[in-house]
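We name chains A, B, ... by the order of the sequence lines, and we start the count at 1 in each one. Source: prediction; values computed, not measured.
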Number of protein chains: 2
Amino acid sequence: MTRIATLSETRSNCHDCRLRSLCLPDNLSKEDIGELDSIVQRRKPVARGAYLFQAGQRFNSIFAVRTGSVKASTLLANGDEHISGFHLPGDVIGLDAIVSRDHPSTAIALESTSVCEIPYAELESLGDRLPTLQHQLVRIMSRELLAEQSTGHLLTRRAAEQRLAVVLLKFSERFANRGLSALRFRLPMSRLDLGNYLGLVPETMSRTFRRLEEQGLLSIAGKEIEIVDVCAIKALAYGNNEGDLAAKA
Amino acid sequence: MTRIATLSETRSNCHDCRLRSLCLPDNLSKEDIGELDSIVQRRKPVARGAYLFQAGQRFNSIFAVRTGSVKASTLLANGDEHISGFHLPGDVIGLDAIVSRDHPSTAIALESTSVCEIPYAELESLGDRLPTLQHQLVRIMSRELLAEQSTGHLLTRRAAEQRLAVVLLKFSERFANRGLSALRFRLPMSRLDLGNYLGLVPETMSRTFRRLEEQGLLSIAGKEIEIVDVCAIKALAYGNNEGDLAAKA
DNA sequence: CGAATCCTTGAGTAATTTCAAGACTGGTGG
DNA sequence: CCACCAGTCTTGAAATTACTCAAGGATTCG
């Protein structure tokens with residue numbers, strides 16, 4: 001077929017982006033979105049396993065995930081990998097690098113992933129002229145700060161079942177925020193990666209998933225997860241430690 | 001003694017503040033600091049156990065810790081408290097509330113603590129006029145984001161000894177950043193609170209402290225901590241899991 | 001000085017980790 | 001299109017570790 005489409009035609013712009021309300025353009029006027037759009041670079045999708053950037057690499061841009069998913073990881077002194085988070089469409093990546101000159105962590109695509117690259121120097125300049133954009137950047141950073149904090153809550157839960165319940169609800173919420181089903185979704189990462197994130201070994205992950213399925217809280221088919229009993233999962237995740245509520249499932 | 005000093009005289013200003021380089025004034029011109037100073041409110045110290053703000057309370061200001069220390073906590077559904085962080089002089093608190101209208105967490109003074117209160121609406125307006133100030137706010141948020149992330153690293157460490165080693169090194173670094181001793185310092189929080197933060201029960205905290213002291217890595221006198229063998233602590237915190245290096249202590 | 005809180009210590013239990021090995025996938029190449 | 005291969009996932013049994021429960025002792029703050 002004849003390809004007469006220019007690059008810009010096949011690539012979306014901020015104004016028409018479904019994720020606009022989650023991203024930098026939120027609250028911006030049509031004109032301001034146009035200005036932002038002019039500095040946003042939309043490259044071809046990043047292949048599964050490829051780096052968006054690596055730890056130690058010079059920081060130049062932040063990235064907004066458009067489709068796909070990304071894991072953020074750091075290499076520990078002993079050679080182990082620690083996964084500090086997973087990024088889904090609408091998330092903005094690289095904000096932790098602003099304060100230093102270099103990226104503190106590595107961003108790896110978990111599947112074919114398309115991102116918008118926003119050169120930070122240009123964003124900063126544009127923000128000087130467009131207060132609304134600047135405010136939105138700050139709001140997004142505040143949002144990320146909040147998200148990171150709740151990760152802390154997650155990891156101090158002792159029981160593996162609790163940690164899994166909490167993280168599943170968090171993903172559920174994130175999918176729902178994008179208008180997807182809160183009860184049926186596909187986890188983009190391997191159990192290995194999810195376990196690493198939660199501080200649990202793969203064996204425990206496997207057993208914990210199975211236990212929740214046996215209790216009738218989940219239905220699992222590979223990476224496809226269905227939350228069968230939301231109430232019970234919430235009770236397990238956020239309810240009392242004694243299990244009084246959860247035991248009623 | 002005769003008190004003729006006005007309130008403004010007994011209270012410092014941003015320009016003369018020792019913590020200036022860690023805080024919002026960093027990188028600002030003398031004039032800009034003056035403008036910032038004019039919106040900063042310096043109240044009398046907050047007593048030990050008093051709230052700077054409570055979760056759910058309307059967000060109006062961010063706070064910079066000048067002296068003392070603060071713990072950030074949230075109440076879980078089961079009634080338990082979760083401590084998400086500790087704030088020392090130079091830290092800016094409340095940034096996680098910008099995105100929502102209310103504070104997501106409660107800030108409690110761990111000792112008599114003095115803070116600078118910065119009304120956020122005014123800071124935002126001022127930031128619109130002073131790009132350098134705006135950039136500095138973003139840098140501080142990026143710094144906080146980075147700090148929160150490394151909390152995640154901390155909490156995925158399985159062993160209690162590792163978690164304690166990591167958190168002690170983090171405090172050591174923070175004290176050093178303020179020009180204090182990196183090897184001898186006073187932890188402002190109780191073992192209870194520190195354990196809560198680390199996801200460990202008080203009994204485990206007690207035993208773990210004692211074990212590190214017996215191994216000759218620490219010297220402990222109440223809240224006063226001395227790091228005796230930095231290398232061994234670092235090996236324990238960041239070295240390999242097998243303990244090959246740490247065992248040589 | 002006195003009460004409240006915090007810290008310590010001990011013994012037993014429950015949980016995850018470790019070690020080992022087999023089964024399953026999904027992607028690649030013939 | 002099928003077969004292969006590497007990585008992923010599962011399962012079992014033993015070992016380690018932190019948690020729970022209980023109670024006494026030490027600090028600290030008012």
Side-chain angles (χ1 to χ4, degrees), chain A residues 47-50 71 78 80-81 83 108-112 155-165 186-214 218 220-225 236 240-244 246-247, chain B residues 45 47-50 68 71 78 80-81 83 108-113 155-165 186-214 218 220-225 236 240-243 246-247:
Chain A
R48 168 198 173 88
K71 70 172 175 183
N78 59 23
D80 287 354
E81 178 187 26
I83 294 174
I108 302 175
L110 289 169
E111 57 197 310
S112 184
L155 296 172
T156 50
R157 305 294 171 113
R158 293 113 176 72
E161 286 188 6
Q162 283 203 323
R163 291 196 200 177
L164 186 53
R186 184 179 154 279
L187 289 178
M189 76 295 292
S190 70
R191 302 280 146 92
L192 219 69
D193 283 346
L194 189 60
N196 183 313
Y197 175 64
L198 295 176
L200 299 169
V201 296
E203 294 93 326
T204 303
M205 291 301 296
S206 178
R207 286 186 252 262
T208 308
F209 264 112
R210 188 161 53 77
R211 231 179 301 150
L212 292 187
E213 188 170 34
E214 282 169 4
L218 293 179
I220 305 161
K223 300 194 161 164
E224 295 288 339
I225 305 289
L236 179 59
N240 59 25
N241 296 327
E242 319 309 327
D244 297 343
Chain B
R48 169 198 174 88
K71 70 172 174 182
N78 58 24
D80 287 354
E81 179 188 23
I83 295 174
I108 301 174
L110 289 168
E111 56 198 309
S112 184
T113 296
L155 296 172
T156 50
R157 304 293 171 115
R158 292 114 178 72
E161 286 189 8
Q162 282 203 326
R163 290 195 200 178
L164 184 54
R186 183 181 156 277
L187 289 178
M189 75 295 293
S190 69
R191 303 279 146 92
L192 218 70
D193 283 346
L194 189 59
N196 183 313
Y197 175 64
L198 295 176
L200 298 170
V201 295
E203 294 94 325
T204 303
M205 290 302 294
S206 178
R207 287 186 250 264
T208 308
F209 264 111
R210 189 161 53 78
R211 229 180 300 151
L212 291 186
E213 188 170 34
E214 283 170 3
L218 293 179
I220 304 160
K223 299 193 163 165
E224 294 287 339
I225 306 289
L236 178 59
N240 60 26
N241 297 326
E242 319 309 326

Taking the side chain from [X] and the backbone from [Y], do they hold a donor-acceptor pair closer than 3.5 Å?
X	Y	answer
B/T204	B/L200	no
A/R186	A/K223	no
A/E213	A/I220	yes
B/R157	B/Q162	no

Original post:
Contact class for B/G199 (heavy atom, under 4.0 Å): base, sugar-phosphate, or nothing?
Top reply: sugar-phosphate

**OP:** Report which part of the nucleic acid A/R207 touches: base, sugar-phosphate, or nothing (heavy-atom distance under 4.0 Å, all strands).
**Re:** base

Taking the side chain of [X] as its heavy atoms from C-beta onward, which of [options] lies nearest to it?
X	options	answer
A/S190	C/dT9, D/dC9, C/dT16	D/dC9
A/T204	D/dT11, C/dC7, C/dT16	C/dT16
B/L200	D/dC9, C/dC7, D/dA18	D/dA18

Euclidean distance, atom [atom1] of residue [X] to atom [atom2] of [N] [Å, nearest integer]:
X	N	atom1	atom2	result
B/L192	D/dC19	CG	P	13 Å
B/E161	D/dA18	CD	P	7 Å
A/L110	C/dG27	CG	P	13 Å
A/E203	D/dG12	CD	C1'	11 Å
A/D193	D/dC9	CG	C1'	13 Å
A/L187	D/dT8	CG	P	16 Å
B/R158	D/dT17	CZ	C1'	12 Å
A/R191	C/dT16	CZ	P	17 Å

**OP:** Determine, for B/R207 against B/E161, whether the closest basic-nitrogen to carboxylate-oxygen distance falls under 4.0 angstrom.
**Re:** no

Subject >> Salt bridge B/E81-B/K71, side-chain N to carboxylate O under 4.0 Å >> reply: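 Yes.
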
Original post:
Do A/L212 and A/L236 come close enough that some side-chain heavy atom pair is under 4.5 Å?
Top reply: yes

Can you check nucleotides 25-30 of chain D for protein contacts, nitrogen or oxygen pairs under 3.5 Å, and list what you find?
none

**OP:** Give a yes or no on whether a donor-acceptor pair under 3.5 Å exists between the nucleobase atoms of C/dT8, that is its base, and the side chain of B/R211.
**Re:**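 Under the 3.5 Å cut-off, the side chain and the base do not form any donor-acceptor pair.
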
